[in-house]
Structure formats: C-alpha cells, structure tokens
Number of protein chains: 2
Amino acid sequence: MAWWKVSSAGRDVNPDLASERQSPSFNVETLTNILDEGAEKTRIKRAVVSVIHKDPVFNREFLYFKTRSERHEGAVRNSLHLKRKMKEMGWDENGPELPYIYRALGGETGFYVHEVFIKTISALGTDEQISKWLPLASNYKIIGSYAQTELGHGTYLRGLETTATYDPGTQEFIMDTPQITATKWWPGNLGKTCTHSVVLAQLYSNGKKHGMHPFIVQVRSLKDHAPLPGISVGDIGPKMSFEHIDNGYLIMRNVRIPRENMLCRYSQVLPDGSYIKSGSDKINYFSMILVRVKMLRDEVLEALMKACTISVRYSAVRRQSELKPGGKESKILDYQTQQQKLLPLVATCYSIDFTSKYVAKFYNDVYDELRKGNFSSLPELHVLTAGIKAFATEICSNGVEVCRKACGGHGYSLYSGIPSLYTKVTASCTYEGENTVLHLQVARFLMKCFTGAQSGTPLPSSTAYLSSPPAGGCQAKTPADFLNPEVYLKVYEYRAYSLVTSAAKKMQNLMQSGSEQYLAWNGTAVELVKTSIAHSHLWTVKIFVSAVNSVSSDPEITAVLKRLCDLYALHGIFTSAGDFLQHGYLSGKQLDMATTAYLGLLAQLRKDAVLLVDAFDYTDEQLLSAIGTYDGNVYHNLLEWAQKNPENKKVNPIFENYLKPYIHGNPSKL
Amino acid sequence: MAWWKVSSAGRDVNPDLASERQSPSFNVETLTNILDEGAEKTRIKRAVVSVIHKDPVFNREFLYFKTRSERHEGAVRNSLHLKRKMKEMGWDENGPELPYIYRALGGETGFYVHEVFIKTISALGTDEQISKWLPLASNYKIIGSYAQTELGHGTYLRGLETTATYDPGTQEFIMDTPQITATKWWPGNLGKTCTHSVVLAQLYSNGKKHGMHPFIVQVRSLKDHAPLPGISVGDIGPKMSFEHIDNGYLIMRNVRIPRENMLCRYSQVLPDGSYIKSGSDKINYFSMILVRVKMLRDEVLEALMKACTISVRYSAVRRQSELKPGGKESKILDYQTQQQKLLPLVATCYSIDFTSKYVAKFYNDVYDELRKGNFSSLPELHVLTAGIKAFATEICSNGVEVCRKACGGHGYSLYSGIPSLYTKVTASCTYEGENTVLHLQVARFLMKCFTGAQSGTPLPSSTAYLSSPPAGGCQAKTPADFLNPEVYLKVYEYRAYSLVTSAAKKMQNLMQSGSEQYLAWNGTAVELVKTSIAHSHLWTVKIFVSAVNSVSSDPEITAVLKRLCDLYALHGIFTSAGDFLQHGYLSGKQLDMATTAYLGLLAQLRKDAVLLVDAFDYTDEQLLSAIGTYDGNVYHNLLEWAQKNPENKKVNPIFENYLKPYIHGNPSKL
C-alpha cells in the first residue's frame, strides 16, 4: 500500500524504540508490580483496563475533536453505562478494581460530584436522612451536586455568605443568596445535570448565627428539569479543561425547604428553632484530607507519568541535528539538555509514587488512632498532606509542561496527548486548597515546632531535625560522595532547618522592632512559603531513600531505584542551589561536585529511560497520544489522526463563502 | 433592578479599584506615552483601537464560546474585511497604524502566512516573478502559504527531505515527498485556505544536490478549491490554541511545476539544468531575525502585559481571609506572597518593553550597516536576538501562567482571559527557533568570545565583561546598597562571567581527558544553556538601567521606573540565588541583604501596582476578561457572561436522553 495511506494494522515497533528495550538492566515487569503493590494488582488492573477498552461506549478515539457539549454528554453516558457494566462484571463499589476503572476511563465520567453528594449525606446525615436520600441518589432517581464555593469566596470558608434562616412558623429554612458575591459558583453537575444539591450556608435561627451547615436543596423539577421557583441555575462557561464537567452557578431567592433537609448528624435545629450541637464533626474534616490523599495518585501523579511516558518515547524516536558532525541525525534523548528536562521528571514520578503510598498509609494509621479517640497525630497529618499536596501539584504540573515543550512543535498539537494533561492537572494547584495558603499553614506548624525546639519541647518525628540539625558542614569531598543518601539527606535537613531558623528570626526581629504579629507574619510570608517547600521536599527525599531500601530484594531493581533516588535528590540541589549554599552548609566547590554527580546520573539513566516509563504500564488507549504509543510509530499516527479528523471530511465553507468572489473576480459581491 | 439581572450599563468603578487610583505617585498618561514612544503614537493607537472596536464585524464578544471552525471562519472574514476597512480609513500597509490594528484585533486574523508568502516572493523572487505573483496575491486572486517544517524535521533545516528534481526534458521541477517524515506539517493557511504555497525543498539537478530552495506550488484548484492531482492536503487538527489558524499538511507525489516557479533571485536552474548562484542570500537570513524582533513586542510581551493587567486589577478587588485577626477580609494584593507573584512580573513587562525597543534599534542599525556592505555586527545581532528570544519567551510564558494561578479558581475560567493568553504565548518557546537550540547557539558565541579573551582578542562590547570581569567580590554592606545599579550590574556581570568560565574550563578538561569536541560539548550542554540565560539576563538588566536614566526627565516617572528596575534585578538574584553565590562573588549575608531590599521594594511598589498596569493602556475589549475590566466589576461580569453563554439558552439533551428514564423509573428503556 502507498505509504501515505497510513493504517495502524500490523505495524512493527519502530526500530529506534525497539533498540531501547533490547538489553534491559532490570526486569520491567517486576518494577511494574512494585508500582502496583503486587503482581496480583497488576493482573487485576490489566483485566479492568482491557474490559473498559473493549467496550465501544467507552471509546475515546475522537475525544480531541469533540465540543464541550459532546464531552459532557459523553461523560454522563459513560457514568450511566459504567453502573451497568460494573453490575455485569461483578465489580464492587469497594472492590480492588475501582481505581483502575476510573483511570482506564481517563477521568471521562460525569457524576463525580454526585458521588460527593452521596458521601456528604452518608457522613453528615442522620440514619433517617441516609435511608431517605441514599436509595434515591444511588439509583439516579435524583442527581446531586455539592455547592460550597461562591463567586466571591473560595478557600476561606468562613467568608461564605449564603444564608439559611429558620422559620419556626412553617418549620422551614429560607435559603437565600443575599448578594452577588454569594452566588454559588464552580460546583460540578450543577450547570446542566443535577436535580438536588447539598448547599453550604450560614445558619440563622431565632436571630442567632450558628455558622456553616449543609442543607439539601432541590434545584430542578423532576418532571421536566426546569429550575424551581426562586432558583437561577446554569453553566458557568468554558474552562481551561474539564470540558466534560458542567460546573455551574446557583442563585436562591428565598427558597423554602423543610426543616428535615438540614443534614443533622452533628447539629440540628429543633422545631422551635433552638440549635443543638450533637458531637464533633472532626471526622468530616478528615474526609477533606482523604480527597488530598487520593488526588495525589489518581490525578496529579497520573498526569506526570503519562506525560513522561509520551515524551521519553518520543525522544527516543525523534531525531534532530547531528551530535557528531557529519553523522546521522541523533535521537533527541541523546542530548544532555533533553535528558536534563526529562530524566529528573521520571525520577519525580517514582518519588511521588512512593510519597503518595506513604501518605496513604500515614492517613490510615492516623484514622485508626482517631477511631480509638486519639487525635494527637492529626496536626502532623494535616501538615504532611497539605505540604505534599502543594509541593506535588506544583512540580507535577510544571513537569507535565516541561515534557510538552520537550516534544517541540508536536507537543503543541492536542494529538500529542500532553496539552490536555497539562490544562487539567494545573487546576490541582488551586483546588482542594490553594497552594500558597497550604504552604503557609505548614509554615505555621514549622514555626510552632521551632519555638518548641527552642524551649526543649519534644518535637514530632517529622520535624525532629529542628532540634538537632546536622552540624559541621557537609562532609562530601568527591562527586561520588553525593551518591550517598546519608550525605544528601543531611544537606536537605540543613536546608529546611536553616530556612525555618532564618524565617523565625526574621519574624522575631520584626516583632521586636514593634511590628504586630500579623504584620510580621505577612512581612515574612515569602520566606515562610520557602520553609514549607523545603520541609516537604525533604520528606519526599526521605521517603524515596527508605523505599529504595525496602520495596525490593532484587539487586537490579534496587540499583536502578537508587539511581533514580540520587537523581531526584541531586536535581533538587542543582535547581535550588541558592537555598543549599546560602547558609554555608554546602560550599561552591561541593555544589560543583554535586552537579558532576548529577550530570553523571543523567548519562547513566539515559539507557534505562524508555524502560522506566514502560514500567508505568499505560496502554495506548490510556495515553491517547499520537507520539507516545508503545510501538513508536509517531509520524504514521500523526498523519493517520489528521486524516481521520472530521474537519477534513466536512465541506469547507471558506472557499464558497469568502474566497471564491475574490478568486473569480467579483469581490464586490461579498 | 434585581441584582441577579446583571448588566454593564451605567456601572461605577468598584470602590476597591477606584481607591487604588486616588493618589498616584506619578502621571499614568506620561508613562503610557513613554511606553508608546510619544504622545502622538498614543493618540494614533487609541484612534485605531476605537475604530476597530466600533466595527461590528470585528466584535470578539462571544469568542470563548466558538468552535475551531467558527474561529477560523471569523479570522478569514476579519482579514478580508480589514482590507476594505484600511482602504476606507486611508490606513497604509506601512503606516504607523499597522501594529495597533493587529493588536486591537487580538491576533484574530486569518492571512498571516499569506503575508509571509508575499514577503518571501518579494525577497527571494526576481523582478519578473514579483510582478507576476504579487498582484495576484495582494488582491486575493490566489491565497498563499509557506511550507517549510516537515513531520520529521523542524528547527534543523538541513534535515528537510522534500525534493525538487529538475527535468530538462520538460523544463519542469518534479516536487516530491519521498517518505512520511517529509510530509509538510504545520504551515498556516495550508489546512483549509490556500491555493498556492511556497515549498522549501532540496534541489536536485543533473544528478547533483544543491540544498534547500523555495518553489511556488499550486495545491488547490482555483475553480473549486479541490486538491490538484498528486496533492494530499488537509488540516493537522486541534492544537493548544491558534484555533483560528488552519495549520495543515501537504504530501506531493511527483507534482510537476514549471521551471519559472523556483524563486530565483539568488540562485537559478538554467533550461539545461545547470545551477547558478547569483549573490548572497544573507539578507534573507536577516528576515528571520526580523520575525524574532517583532514577535517580542507583538506576541510575547503583549501576553504578559495583558495577564498582569488582569491579575493585578483582580487582586485589588478580590478579598480573602483576614490579614489582621478579626478585621475585614483583605485585598489579596495586600499579601506579600501575592505581591511576590505579580509585582516582579509587572517589572518584567517594563524590562522586556525596553529590551524589545533596544533590540529593534540594534536591528535597524545593523541593517543600515549591512546595506553598506558591513557584515561585522551580524553575529552579535544573531546572538542578541536568539538569546533574548529564548529568554523572553520563557519568562513571559511562565509569567502569564503565574498571573493565571494567582487569580485562583477564576483564573481557570476562560472568562478570566488568561488561559487563552497562556496557551497561545507558550507556543513561542518552540516556534521561530526552539529555545534550547537558540541558547546553545548563544553559548557557542560566548565560548568563542571567552577563548578570544584568553588570547587577548578584542571582544564585542556585549561580551567585554569576559575580558575584564568585576574583581574583589561584591562591595554591598547594607540592603540599601543593593538599590544601586552599579552594584547589581556587577553582580550580574560576575554571574555571567563565572558561568561562562566554568563551562569553558569543563569543556577543556573533558577534551584534555580525551573526549572528542562534540562529546565534550554535549557533556557540558546543561551548563552552556545557563551561560546563555545569564548573558541574556544581564543584557535585560543593563538595558533597563540605561532606560531609567534616559526615557524621561520627569522625576516621579524616573523614580517609579528606578524601583521597577531594582525590583527586576533583585528578583533575579532572589530566584536564581545559586548562580550568584556559587563562585563567592556574593556572600550568604549579602544575599540576605539583597532579599531584604527586594521584599522592601514589593511593599513600596504595592501602592503603584494598579497604576503601573493601567499605564499599559489596554481597553476592556482588548483584554476580553471578566475579571480584569477597568471598572473592576469582577463578579457582575462573571455572572453576566455566564448568563450570556449560548449553552445556557439551548435545550439541554442530558435530561431527556439520559436522566429522565432513571428519574421516571424506566432506565431499562435506555
């Protein structure tokens, strides 16, 4: 067949990619099993992925050509079909298949916030409320949303303005949006789908304000989906990504709901309007932390792993310029500058993978303690998850964009698969807690620990370095010394210690010169953010080092993980060198040594690069990338996808409507 | 009227924004005139902008709701309408209005590459060719494209594979795409619009290869726009942005074109197939440099200026959390962390503005010299434009994204206007020379200068610091010393000097230990890129310092520009501290002082922030941002735009097609 009639049938693996897999220095499957936490999970994952891919309803082939409406419709269809599919396959809501199902669908499902609606009622409703609402929601007799954020209020929940005023005369709450800034804004499923919503509102009863509480409000008719009286509801419009989600707005003008619609497991309003607290809702705060724990792996790391897979494979296929004058054009992966862009990000994937597992385990441990009534580790859990969330979303989002740019022009085409990863993952920097706000919360904890250390209070293990920092300067004398985790762990500890110390001192100085505490805090905020980054960064290095020593007894696997860990640590030193040099723990000469060690690792890991991303074990259907397929037939895919583009098959109105009058000499007809 | 029926008619300026403008420390109009290079130009600009905004054909109101096809159609319509408009207004192709026209249209025009087609023929065609093709193209009797990049080949032009083989028997060239990687890919106007294209191809004649040459190839019928025999042509599909451009692909299978279709001002093929060079085409290389010079202001800086305007105004309106416990929620611009995100970017706008003017002037000077036959400054011009292009596109793209994230959730909505700025400007990092490739070209020049300095060869003024680096360490003793340009210019010079020196030494060492030169180069590439960044960064600081001293005699203007220049310089030291500390020119304590000076400037410039972006003088129509309008009615705009969304007026198929069967109890009907 002529080469320009491209087809994916019966293709060989591109020799440039095949050669990368010829003599692996470790067993790729073993590494995949480690990432999956066991061969059995790898098996389940692949079975799930295969079932999803084979189902034509879930086909994502034309995703990049679809409009927002088509994407939203497709996501709703997927969700409804998935329910049937799960029943058919015997997959359980709590079964081991669940995370793989959503990953296989590429997040293209429509009822995520409906699930939040269900979980909120389960967590905050009484047994009676649960038994009333859950069967309705679970069977899609009603579709729910969760309306918290307002036009003028995001991360700072206390600022929310929507009101729920109790009327003892009718035993109803009057739900109201008092002014424009109180308009509910952003909730998913609100724009075009839901019939009901949990609405967070300031409760007023008998003239007293009782703070934020959750209420179930019906917003659309079950008969014809029209907004109910007093309700204005609609879609908030196009976003950078999330085309498949109908984020919406909601205005309520004195909408009355029955008293029973306040979710009252932890507090209730009696018929006469008296307000009763009935227990702590700390467990609810816990569920917010769980969202941060889960998003780490399922959304944030997922995006970077896919972007690395695509860009590393492409870099082993793409050839450009001659490294050796007069030689063949070289694979771009052979350029040190390309290795410097991509290999540290591959290492970052492994780092964040181990970190996300550590955080999940820590979460479970604290949860177990909590159920026994022990709340002592809660602050540490909050700090760990807040700091890692902010740290990981930032490096993963930026990393995806580095991968995209590293693919040059083709990275700019949606067909590369990377633009849509970026436009989606970057949202994680602002949702579930804006990153700067989270970093400052971590910093507050670090300042407290520092003050504690000064007065001899024992510190939690995560900040023990504040009371016993590494002393005497870095001992490294050669580049090879920097491949010793004990050496670089101390370097990272000293960096965090010195940043915390100098921020604390600066605050003290400001206050001693008469600044009020809040002004001193704000005048140190830029440096405080740096303490949180340094602390969280240190944690990721610690967790990686410990994982290298524990996840495998296979010496080849351990060796390659060790190299990745070293690369991750030294890359951090190379790119944030100022922090490490400023307080003299590391000298300029030692930084040179660390750089030499770092660049040496790039060259070493170059040969494992493709295998290290193969181990992430994504199917071509999951990657949805013309330039990142397993077989590396980059150019065939690009041409084939372009030829499939429905735009190229439609009648083109440009000629008839615009050009013809000019070309045929009658432009005055226009 | 009820508040939820929002309208923009007769609104007051939001008091939170009005208060920012109450007691300016400088005259905003004067600063606008400086940016425009004279009050007369400001006048012309505003007149042009007003004419464009008033014309309903150019209305961009519903841009964020449009599909790719609608965007492309709109851009073609705009271009054709613009031609008539310019005639009507008496605006000339070379008149002072031109840059403002395109800026007012927000780049939403369709014939950019058609213009490149025209310019290429003018530059590389003979007088005969020009008089044949130009009238056709200028009157849209034919529509042109410019096809250079191929599927497998981008920045490295020598790698292009398309062939043009001369057949003396018929006096024709046979144009051919020999294999898939040679498919022309990316040219604008090729996908759905053009009838002809300049095609770059390897010329073969009488069995000899003569390198890349330009040929005019007709690709579509003038009668019905169908591809001509042997031609496959189409749109390459969706990209991250540039929805309005039909980037296309082109495959030619032995397509014959007449000998006269080779553009032969500088080389030609005679009827018998003999090949003749007739002059140097250096002047053509010059036009590539011109593209880089122009894109700096019109595309790259434009995006950052708009993003800064939007995010700074929004930050003066948005309130979140209490700075002072128990106080009112604070403007987010009052948080040091927000100032640290935005104010250095405002300063960067001013820096890149002055830099782009400097580069344009340097270009014109060298061009004048060139016409006198003096080519000596060409390498320096190349290095300056390549380095500044790579440096500025990177910081401006990243800066736009920082602005977007600094607007929190609303920055993620297309209505903020920033997402579309980012997805467009980020392309500039890879087009017109991939940034890493450009940096390495600059580094090659720096290495040559360094070697020259070692042997006493006089250096061009831009690299004079390599032969006489600042000596004796930084003399600053207080934070205030860092507000002295002489102090920080030396710090920047030393940084560039030390990075160049250590990269050169490393290369020498590698070669002395037996590495071949190309391997030593690749083994130093990461550090070489840093030399180019440091060199270009130094240049932007130098140019800014010189502008502060020359652009105005108004002391208030000079004072605010001086603060911006200091901020720009100290921000660079703060964020790339490692480079400045590593070789000991700056001590850790001095870095502390520089940081103190830097944070102090943030607080000082806070009060001028809104005025400094007002001075960029963008209309609301140009910004196309709900959160960045001059009147600061952020929340009204967001709600109004959401209510205007055509999606909210259409019948929603979700209920009828998907939900109703569940809600009404008959899901089996699905």
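Just so you know, these numbers come straight off a predicted model, no measurement behind them. Naming: A, B, ... by sequence-line order, numbering from 1 per chain.
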Distance in Å, A:E527 CD paired with B:L599 CG, rounded so as to fall on 0.5 Å steps: 5.5 Å

Derivation of the side-chain contact (heavy atoms from CB on, under 4.5 Å) call for A:W521 and B:L323: CA-CA 9 Å; A:W521 178 264; B:L323 244 177; over 6 Å; no

Expected output: side-chain B:N648 to main-chain A:D235 donor-acceptor under 3.5 Å: yes

Partners passing side-chain contact (heavy atoms from CB on, under 4.5 Å) against B:T149 (at least two apart in sequence or in another chain): B:W186

Basic-acidic side-chain contact under 4.0 Å: B:K341, A:E434: yes

Side chain / backbone / both / neither for A:K506 at chain B, heavy atoms under 4.5 Å: side chain

Under the side-chain contact (heavy atoms from CB on, under 4.5 Å) test, residues paired with A:E656 that sit two or more places apart: A:K660

Side chain, backbone, both or neither of A:T177 within contact of chain B (heavy atoms, under 4.5 Å): both

No-hydrogen, no-angle side-chain donor-acceptor test under 3.5 Å, B:E73 and A:Y658: yes

Engaged part of A:V233 at the chain B interface, taking heavy atoms whose separation is under 4.5 Å: neither

Proximity breakdown for B:L639 and chain A, heavy-atom pairs closer than 4.5 Å: both

A:Q179 CD: over 12 foreign heavy atoms closer than 6.0 Å: yes

Short side-chain to backbone donor-acceptor contact, B:N652 and A:K192, under 3.5 Å: yes

Portion of A:P653 that has a non-hydrogen atom of chain B nearer than 4.5 angstrom: side chain

Minimum heavy-atom distance B:Y412-A:T426, with the two atoms named: CE1-CG2, 4.0 Å

Exam field: side chain A:N522 to backbone B:Q336, donor-acceptor pair closer than 3.5 Å: yes

Under 4.5 Å from a heavy atom of chain B, the part of A:H439 involved: neither

Plane angle bin for A:H225 and B:F655 - parallel if under 30°, tilted between 30 and 60°, otherwise perpendicular: parallel

Side chain / backbone / both / neither for A:Y249 at chain B, heavy atoms under 4.5 Å: side chain

Contact class of A:I143 relative to chain B, heavy atoms under 4.5 angstrom: side chain

Min side-chain heavy-atom separation B:W185-A:H410 under 4.5 Å: yes

Chain B contact via A:E401 - which portion, at a heavy-atom distance below 4.5 Å: side chain

Residue A:L222 versus chain B: region with a heavy atom under 4.5 Å: both

Contacting moiety of A:R220, where chain B heavy atoms sit under 4.5 Å: neither

Portion of A:T193 that has a non-hydrogen atom of chain B nearer than 4.5 angstrom: both

Option in B:H583, B:Q320, B:H72 with maximal non-hydrogen atom pairs under 4.5 Å from chain A: B:Q320

Check ion pair A:K405-B:E394 (N to O, under 4.0 angstrom): yes

